[in-house]
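This report refers to the structure that appears directly beneath it.
Order of appearance sets the numbers: ligands from 1, and atoms from 1 within every ligand.
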Amino acid sequence: MGIIVVLKHWSRRKGFTGWKIKEFLSSSLLHCLNPSHFRSIHLFTYLQSPYTSVMEPTIFHKIRDREIPADIVFEDEDVLAFKDIHPKAKTHLLFIPKQFVESIAELTPESAHLPGLLILAAQHYAKEKGIRGYKLLFNVGKEGGQEVPYLHLHLMSEQSA
Ligand code: AMP
């Protein structure tokens, strides 16, 4: 039981969803678990729960994890920014938190600071590049025009970076 609670907290903190937990279990944890753990109904229930089975990695997970290429323009401990592949302005960048959250609609008190980090990173980038005027945009949910279910901030400007 204890290990499940630890695993739940750890994966929530990391923003890991089902696929990552399963990956982690099979790569790192299997050999340290006693076989009796696998008979645990709790582990089985947890792995079957909606939280763990919600989604596959998005394109932005793969960019964050360097599994697919992107034109990365900024990175720090918490944020990654890259050029939008279909720019709708002269400069069109996407800022994502390294910690996964699906969208503004899914923010919790624990993740509420993430949009602020994205805005600060965008402000920093714009200052550095001498971009004086720009638009910042969060699309929220499919009906709000959000195509990629990974929190991201659009920075758009008619000035070039
Ligand atoms: P949204 O509609 O707010 O979810 O915005 C998603 C944005 O991601 C769109 O503007 C896409 O052009 C952009 N996009 C999709 N795939 C990639 C990719 N592989 N690299 C960079 N930008 C992408």
query: Does Leu120 sit in a hydrophobic cluster with other residues, and if so which ones, taking ILVMFWY side chains as linked at heavy-atom separations under 4.5 Å, directly or through other members?
result: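 Result for Leu120 is none, singleton.
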
Backbone N/O of His154 and side chain of Lys135: donor-acceptor pair under 3.5 Å: no

query: So which protein residues pack against ligand 1 under 4.0 Å, heavy atoms counted?
result: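 Contacts of ligand 1 under 4.0 Å: Ile59, Phe60, Ile63, Phe82, Lys83, Asp84, Ile85, His86, Lys88, Leu94, Asn139, Gly145, Gln146, Glu147, Val148, His152, His154.
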
query: Do the two ring centres, one from Phe100 and one from His61, sit under 6.0 Å apart?
result: yes

task: Name all residues meeting the side chain to side chain contact (heavy atoms under 4.5 Å, CB included) criterion together with Ala112; count only those two or more places apart in sequence or in a different chain, and write none if there are none.
output: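 For Ala112, no residue satisfies side chain to side chain contact (heavy atoms under 4.5 Å, CB included) once neighbours in sequence are set aside.
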
- prompt: Are Ile68 and Ile59 side-chain neighbours, meaning at least one heavy-atom pair lies under 4.5 Å?
  reply: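 Yes, at least one pair of side-chain atoms sits under 4.5 Å.
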
Please tabulate, for side-chain N and O atoms in residues 77-85, each donor-acceptor pair with protein atoms closer than 3.5 Å (sequence neighbours left out).
{"unit_1": "Asp84", "atom_1": "OD1", "unit_2": "His86", "atom_2": "N", "d": "2.8"}
{"unit_1": "Asp84", "atom_1": "OD2", "unit_2": "His92", "atom_2": "NE2", "d": "3.4"}

